[in-house]
Amino acid sequence: MEIKNLISQMTLEEKASLCSGKDAWNTKEIGRLNIPSVTVADGPYGLRKVRIVGDLDTSDSYPATCFPTASALASSWDTGLVSEVGEALADEALRLDVDVLLGPGINMKRSPLCGRNFEYYSESEWLSGLMGTAFVNGVQKKGVGTSLKHFACNNQEFHRMSVSAEVDERSLRETYLRAFEMVVKNASPWTVMCSYNKVNGEYASENEYLLNRILRDEWGFSGLVVSDWGAVDNRVKGLDAGLDLQMPGPAQWDDEKIIEAVKNGSLKMEKLDEAVERILYLVFKCKNTRTESSCMHDETVLEKHHTLAVKAASQCMVLLKNENNLLPLNAGSRGNMGSKSKISIIGLFAKKPRYQGKGSSQINSAFETNPYDEILKIAGDECDILYAQGYGERDNFMEDMAAEAADVASKSDTVLFFAGLPDWLESEGYDRKHAGLPSNQVDLLKRIINVNKNLVLILCNGSAVTFEEWIDEIPAIVESWLAGQGSGKAVAEILFGIVNPSGKLSETFPLKNSHNPSYLSFPGNHDVVEYKEGIYIGYKYYQKKQIPVRFPFGYGLSYTDFEYEDMILENSEYNGEDTLKFRVKVKNTGPLNGKETVQIYVKPENSRCDRPLRELRAFKKLEIGAGQTVEFPFELARDAFECYNIHEGKWILESGTYTIEAGSSCENILLERKLRIKSGDEFKSELNGFSTVHEWFGDAKGRECLRNTMPEIYERFKDMEDDDEDDFLRMIYEASMIKVIEFLNRNSEVSPSSVVEMMISAL
């Protein structure tokens with residue numbers, strides 16, 4: 001039945017009832033009109049369908065595959081892999097009759113301390129947008145919907161249900177909404193989930209500017225907007241602003257408010273009908289587009305997906321240090337006296353790994369691997385493997401455990417130390433208090449360093465961590481992230497060289513948390529958090545401020561070496577139409593096959609607006625055989641060069657010179673080419689009488705205006721340089737135009753303000 005016709009047959013009460021859930025995970029059905037219910041479930045990195053229908057309890061769910069968390073998966077820099085994981089998640093959803101997965105989360109990592117960072121991809125809006133697009137396309141191609149979340153500016157857990165994120169328009173557009181925009185336009189998610197928090201004083205659940213003007217009117221989103229679970233404040237206002245579905249349900253009291261609002265005229269029936277239409281569209285899309293997945297009748301599907309989970313985990317892990325080629329380990333090597341090599345494994349996380357986050361996304365993993373068992377499988381016959389737990393689950397130092405660990409380490413040729421952030425430090429619902437490792441782990445590490453320098457540190461954490469000076473004494477570090485149920489096997493295979501590490505950091509590891517741009521304003525005060533750093537988060541800030549970091553964005557080592565040979569641009573000029581095509585040649589000059597991620601950054605020169613030094617705008621990961629050269633093809637569209645002009649309320653492609661850069665991280669740029677952009681866009685002049693002479697000359701229209709209307713000033717300053725030796729001229733150059741006119745034309749009968757008005761009208 002056609003949806004509008006169906007709506008015409010519904011009573012007001014039935015319409016209102018559809019606008020909230022039947023329970024925690026299902027929408028309401030209307031039997032007399034054959035309107036079925038749809039089922040949703042958490043699913044950013046694994047399906048969590050609860051066994052008890054409608055129950056909010058996260059502890060009892062069906063077994064499912066736990067894939068790497070978003071922060072890990074983003075470090076693969078592999079959109080094909082993300083899409084493959086999405087397809088697997090869709091298969092498991094079909095298997096358990098789930099219609100919509102509640103993910104992905106693509107909020108920006110404004111601070112390393114956000115407790116939910118493990119659910120988010122990156123500090124880069126471009127990396128997040130491309131990863132999110134791949135995820136949504138992978139899931140939805142199987143006929144399962146997604147819910148893009150949390151819209152918007154949900155960048156902390158502290159007071160997440162009440163805090164107002166105060167962010168300027170340009171930062172909102174370029175940083176905090178850009179990834180959402182990319183996914184909406186390129187993947188068309190079936191639903192978008194609004195966040196708990198306020199944005200500039202208005203709850204996201206009732207923010208008409210976000211939900212209607214931007215999401216629907218500007219971006220063309222036609223799907224359903226659902227609340228985060230419990231995010232509704234004023235239901236009638238929210239529905240009027242574009243919030244269609246309230247979860248969890250039932251919410252009889254709010255349904256009655258909708259009915260009353262329609263009756264008293266404070267809510268138009270047309271608004272309610274629009275929401276009902278979007279809900280029904282989702283319901284019938286879920287029922288009509290489901291594919292008959294082979295996994296629905298395959299009892300071994302979870303075993304097959306476990307293989308994918310191991311593969312995904314191995315592609316996510318990042319080799320951060322490897323001095324003197326300590327890694328990979330050689331299982332067949334002999335000790336100093338010709339006996340078997342001794343490897344000590346230290347740390348609770350080696351036998352009881354932390355491989356996923358805590359909170360609503362927590363999965364009942366179908367399988368689980370741990371590093372200790374997997375290392376034994378690889379090297380147990382060739383090496384003597386020793387073990388010591390070393391530390392407990394809480395942050396208290398236990399001398400007996402530490403002494404045992406130090407003794408074991410002193411007897412070994414190599415130490416594998418497993419450390420990281422436990423659940424009580426990093427979780428949905430609360431933020432981290434500091435960016436370091438737990439003190440009991442750090443104290444133990446220092447003791448181990450004193451007895452054995454052949455130390456490999458393996459980290460398990462969902463977001464960036466900071467280190468003290470002891471990090472310089474550790475020769476090898478592997479960032480394994482929270483990489484899912486296959487992480488134990490994946491890290492063992494990387495340690496012994498069965499897999500060549502290829503991950504790259506999706507976020508910056510600063511030297512200390514106080515260097516973070518949000519440090520002075522995170523998490524805010526009195527339910528307000530001001531985004532004072534503007535567009536400068538992550539690598540954009542550290543580079544602009546020239547602040548050294550521990551490990552930069554995009555960084556990661558390999559067991560082989562790569563040489564960037566050439567970049568070939570098809571055109572050296574671009575007008576913003578079609579795409580700019582180019583290729584980057586990379587050679588594997590090392591002894592092993594390996595995968596390299598070429599990162600493309602755009603660097604504007606002499607921009608009229610304040611812009612980062614460089615911005616990530618493309619990337620590609622390919623395997624290169626030892627001794628081989630591979631061409632990486634790239635295309636950049638207009639949006640890769642644009643910036644948001646708040647004065648005109650639109651994206652602008654600024655004419656001028658840009659540098660296209662290719663590198664292995666944001667700080668290791670290896671190739672570059674100049675590009676000239678000629679665009680029909682023009683910045684609306686912001687010049688006025690209080691703009692300096694310097695600013696007038698720096699504006700193309702302003703310079704032309706001076707030449708035509710103020711030749712005396714033009715001739716005097718047309719060749720002026722910023723470092724001109726004439727101090728008097730430099731002083732005038734930096735003075736406001738109205739004062740310069742006043743000084744130079746004292747005998748004129750025309751007032752300086754009139755002259756300025758004439759100049760502005762001539763722009």
Side-chain angles (χ1 to χ4, degrees), residues 106-111 120-133 148 150-155 165-186 195 199-200 204 207 209-210 213-215 217-219 221 506-508 516-518 521 529-545 553-554 576 599-605 607-619 636-656 658 661 666 677 679 681 683-684 686:
I106 58 170
N107 294 96
M108 292 295 96
K109 297 189 178 184
R110 179 175 176 253
S111 167
Y120 303 141
Y121 289 118
S122 177
E123 67 189 29
S124 161
E125 75 287 349
W126 218 262
L127 180 55
S128 296
L130 292 175
M131 287 291 173
T133 297
L148 189 65
H150 304 91
F151 191 67
C153 298
N154 186 175
N155 309 110
E166 302 292 315
V167 54
D168 68 89
E169 184 71 8
R170 184 183 174 202
S171 302
L172 184 68
R173 297 285 190 152
E174 290 194 11
T175 302
Y176 296 100
L177 297 185
R178 196 68 184 271
F180 285 97
E181 181 180 7
M182 293 170 71
V183 179
V184 166
K185 289 183 175 179
N186 298 312
S195 56
V199 179
N200 292 327
N207 197 308
Y209 182 63
L210 286 177
R213 289 178 55 188
I214 294 179
L215 180 61
D217 296 343
E218 292 186 26
W219 299 351
F221 177 68
S506 56
E507 57 193 277
T508 304
N516 184 271
S518 69
S521 58
V529 54
E530 298 180 79
Y531 287 36
K532 296 180 179 180
E533 66 280 359
I535 62 172
Y536 290 102
I537 70 169
Y539 73 95
K540 298 176 187 178
Y541 173 80
Y542 297 113
Q543 291 200 326
K544 193 78 168 185
K545 286 280 290 182
F553 173 77
Q599 300 160 42
I600 302 299
Y601 295 86
V602 169
K603 182 178 181 180
E605 298 182 12
S607 174
R608 286 189 54 188
C609 61
D610 181 26
R611 301 184 73 165
L613 178 65
R614 60 177 54 90
E615 294 179 276
L616 178 74
R617 286 298 181 258
F619 56 87
L636 293 180
R638 173 192 176 97
D639 58 358
F641 304 95
E642 291 177 323
C643 62
Y644 191 79
N645 187 325
I646 59 173
H647 300 285
E648 298 184 59
K650 65 179 183 180
W651 293 93
I652 292 290
L653 178 61
E654 190 177 14
S655 295
Y658 294 73
E661 302 177 323
C666 72
I677 290 182
S679 166
D681 291 1
F683 275 91
K684 185 178 179 180
E686 301 164 24

Charged N to carboxylate O below 4.0 Å: is that the case for Glu125 and Lys540?
yes
Please report the interatomic distance CD(Glu181) to CD(Glu174), rounded to the nearest 0.5 Å.
11.0 Å
All heavy atoms of Glu169 vs all of Ile646, minimum pair found to be CB-CG2, 4.0 Å
For Phe553, what residues pass the ring pair (Phe, Tyr, Trp, His ring centres under 6.0 Å) criterion, not counting sequence neighbours?
Trp77, Tyr539
CZ of Arg617 to CD of Glu642: how many Å apart, nearest 0.5 Å?
9.5 Å
Report the distance from atom CG of Leu177 to atom CD1 of Ile106, rounding to the nearest 0.5 Å.
9.5 Å
Validate the cation-pi geometry between Arg614 and Trp126: distance from NZ or CZ to the six-membered ring centre under 6.0 Å, angle to the ring axis within 45°.
no
As a quick check of understanding, evaluate side-chain contact (heavy atoms from CB on, under 4.5 Å) for Asn516 and Glu533, giving each step before the final call.
CA-CA 10 Å; Asn516 184 271; Glu533 66 280 359; over 6 Å; no
Do you know which two heavy atoms are closest between Asn154 and Ser195, and how far apart they sit?
CB-CB, 3.9 Å
Interatomic distance, Glu615 atom CD to Gln543 atom CD [nearest 0.5 angstrom]:
10.5 Å
How about Lys545: does its NZ atom have over 12 heavy atoms from other parts shown lying under 6.0 Å from it?
no
Evaluate side-chain contact (heavy atoms from CB on, under 4.5 Å) for Trp651 paired with Arg638, printing each intermediate quantity in order.
CA-CA 10 Å; Trp651 293 93; Arg638 173 192 176 97; over 6 Å; no
Do Asp681 side-chain atoms and Leu653 backbone N/O form a donor-acceptor pair below 3.5 Å?
yes
I'd like to know if the side chain of Asn107 and the backbone of His150 have a donor-acceptor N/O pair within less than 3.5 Å.
yes
For the backbone of Ser518 and the side chain of Ser111, can you confirm whether one donor and one acceptor N or O come within less than 3.5 Å of each other?
no
Looking at Gly129 and Val183, what are the two nearest heavy atoms and their distance?
O-CG2, 3.6 Å
Taking ring pair (Phe, Tyr, Trp, His ring centres under 6.0 Å) as the test, write out the residues that go with Tyr658, two or more places apart.
Phe641
Shortest non-hydrogen contact from Ala152 toward Val199:
O-CG2, 3.5 Å
Which distance, rounded to the nearest 0.5 Å, do you find between the CG of Leu127 and the CZ of Phe619?
5.0 Å
Given side-chain contact (heavy atoms from CB on, under 4.5 Å), test Ser122 with Met131 step by step and report yes or no.
CA-CA 9 Å; Ser122 177; Met131 287 291 173; over 6 Å; no
Is the closest side-chain heavy-atom distance between Ile677 and Glu654 below 4.5 Å?
no
Check whether any side-chain N or O of Thr508 sits under 3.5 Å from a backbone N or O of Gly538 as a donor-acceptor pair, and report yes or no.
no
Who passes salt bridge (Lys or Arg N to Asp or Glu O under 4.0 Å) against Asp168, sequence neighbours left out?
none
dist Ile535:CD1 -> Cys609:SG (nearest 0.5 Å) comes out at 7.5 Å
To check you understand the geometry: which heavy-atom pair defines the closest contact between Leu613 and Lys603, and what is its length?
O-CG, 3.0 Å
With sequence neighbours excluded, residues passing ring pair (Phe, Tyr, Trp, His ring centres under 6.0 Å) with Tyr542:
none
Is the backbone N or O of Ser679 less than 3.5 Å from a side-chain atom of Ser655, with the two atoms forming a donor-acceptor pair by type?
yes
Could you tell me whether Asp610 and Arg170 make a salt bridge, using a distance below 4.0 angstrom between a side-chain N and a carboxylate O?
no
Strictly distance-based, threshold 3.5 Å: is any side-chain N or O of Gln599 a donor or acceptor partner for the main-chain N or O of Gly554?
yes
Looking at residues at least two apart in the chain, or sitting in another chain, which of them share a ring pair (Phe, Tyr, Trp, His ring centres under 6.0 Å) with Tyr541?
none
Run the numbers on Leu215 and Leu210 for side-chain contact (heavy atoms from CB on, under 4.5 Å), then give the verdict.
CA-CA 6 Å; Leu215 180 61; Leu210 286 177; over 6 Å; no
Return the minimal non-hydrogen interatomic distance between Tyr601 and Cys666, and the atom names on each side.
OH-N, 3.2 Å
Is there side-chain contact between Cys643 and Arg611, with heavy atoms separated by less than 4.5 Å?
yes
Sole candidate of Arg110, Glu530, Lys532 that passes side chain to side chain donor-acceptor pair (under 3.5 Å) when paired with Ser521
Arg110
Residues that Arg213 engages under salt bridge (Lys or Arg N to Asp or Glu O under 4.0 Å), provided they are two or more places apart:
none
Go through the side-chain N and O atoms of Tyr176 and Asn155 and say whether any donor and acceptor fall under 3.5 Å apart.
no
